[in-house]
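Note sheet for the following structure.
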Amino acid sequence: MGKKRRPPMRVIEDVVEPKAKIVKTSLCSCTFIKLALKTLCLVIFYYTFSIGLTFYNQRFIHHFKIPLSLTMAHLVIKFILAGLCRCLIQVCTSKERVTLPWDMNVKKVAPTGIASILDIALSNWSFEFITVSLYTMTKSTAVVFILGFSLCFRLEKPRWSLIFVVLFIAGGLFMFTFQSTQFQLEGFLMVFAASILSGLRWTLAQIVTQKHEIGLSNPLDMMFHIQPWMIVGLLPLSIAFEGELLSAKADFFRYSDVSLVMRNAGLVLLGAVLAFFLEFSEFLLLANTSSLTLSIAGIFKEICTLYLAATVNGDKMTFLNGLGLVACLAGISLHVILKAVYRKTDTKELSHDLEMLIRNGEANVDSDDEIDVFNARTDR
């Protein structure tokens, strides 16, 4: 059998041309503007419930002193709400919702769930000891740990500019909150441990939500699968540290006033709804961006939180605090610009590789099998 005919050059150009067009994407393009607006809407949705839940938890936990039990109640209610929403969508669309097999659930979702609940539990527990300002300042270090875990799991490319942006933002946030909080060692250690776990949590969550073969890109499906592991991780701690305290509290189990316990149950339900929409917005933003983008977007949310905390509590800002605010905003803007530039550069490198394959790799398109390899390469 003779040698198979090579495809015409025009066919190869038609394959390469769409890839080359992507290189033209810039900060002024419609594609980037649409992406920026979409991300902005997701971030605002995330900010609304995150800031609301932060102040809610601080007030509730500081009054009742049962952070682990409160978190446990939120987890159970979130699991029920996620299940109800999944059933409602399934009835309306007549499409079966994804249900992971046991082995994949254990390997992929369980580590994320355990890291998530330890992060949330330690964060909420710290509100017994520290202010919102100190909590926000310490938790902001999570962006550094997210970067570290993202590099370890190869979700981000190791670039010096990226490390510079993260340190720039973290330093700015530290200046923004310097000498504006009351330091308490026990609460600080809790939040710092939560920051490390937060880095692991969101890196693992990005892997789970963005792998199409797992099928948990929908926030409701992710929440439905992760809540049981979070409950399993928190239940022993809740019983050990607060079981006796909760059972003896007149505000809940040993109540004498029905209206009082109904009011408290309503407050718990309100917090659970806020937590449900917060987690929904987090996974929605994560599925469309990355764990590092989620964290950096959270920096501006933390600035808003600190501003509200200063307004409510009467804290005063110094010149150094204002300088830190400017540094944070500059770092966030720099991250957005660099992300667009790197997207353009990476796409240009891919287009250059394709051109070199056409010029120097004629043998690669001499058979049907090798043509398939070429097509697979360009479809990535």
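None of these values were measured; they are calculated from a predicted model.
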Output the distance between atom [atom1] ([X]) and atom [atom2] ([Y]), rounded to the nearest 0.5 Å.
| X | Y | atom1 | atom2 | value |
| --- | --- | --- | --- | --- |
| Q206 | L204 | CD | CG | 10.0 Å |
| M230 | T71 | CE | OG1 | 9.0 Å |
| F60 | F127 | CZ | CZ | 13.5 Å |
| M190 | E128 | CE | CD | 7.5 Å |
| K107 | I214 | NZ | CD1 | 11.5 Å |
| I44 | Y47 | CD1 | OH | 8.5 Å |

Does the side chain of D119 come under 3.5 Å of the side chain of W202 through a donor N or O and an acceptor N or O? no
Considering residues, nucleotides and ligands other than K108, do more than 12 of their heavy atoms fall under 6.0 Å from its NZ? no
Check this for me: F241, atom CZ, are more than 12 non-hydrogen atoms of other residues, nucleotides or ligands nearer than 6.0 Å? no
Measuring only between side-chain heavy atoms, which start at C-beta, is [X] closer than 4.5 Å to [Y]?
| X | Y | answer |
| --- | --- | --- |
| H74 | L278 | no |
| L284 | Y46 | no |
| M223 | L81 | no |
| I226 | M222 | yes |
| P67 | E242 | yes |
| I196 | L200 | no |
| C85 | F276 | yes |

Note: L68 and A121 closest approach over all heavy atoms is CD2-CB, 3.8 Å
For A194 against L122, the heavy-atom pair lying closest together: CB-CB, 4.0 Å
So, does [X] use its side chain to make a donor-acceptor pair with the main chain of [Y] at under 3.5 Å?
| X | Y | result |
| --- | --- | --- |
| R97 | G83 | no |
| H225 | L216 | no |
| S247 | G243 | yes |
| S238 | L234 | no |

Treating Ile, Leu, Val, Met, Phe, Trp and Tyr as nodes and any side-chain heavy-atom pair under 4.5 angstrom as an edge, say whether [X] and [Y] lie in one connected cluster.
| X | Y | value |
| --- | --- | --- |
| V98 | F224 | no |
| I80 | L267 | yes |
| V268 | L235 | yes |
| I120 | F79 | no |
| L118 | I239 | yes |

Is there a ring-ring contact (aromatic ring centres under 6.0 Å, His included) between F145 and F192 once you walk through the steps? CA-CA 11 Å; F145 298 111; F192 189 74; 5.7 Å; yes
Among L245, L70, N264, exactly one meets side-chain contact (heavy atoms from CB on, under 4.5 Å) together with F64. Which residue is that? N264
Could you point out which residue of T112, V106, L75, I117 forms a side-chain contact (heavy atoms from CB on, under 4.5 Å) with W229? V106
Is the F49 ring parallel, tilted or perpendicular to the F277 ring (thresholds 30°, 60°)? parallel
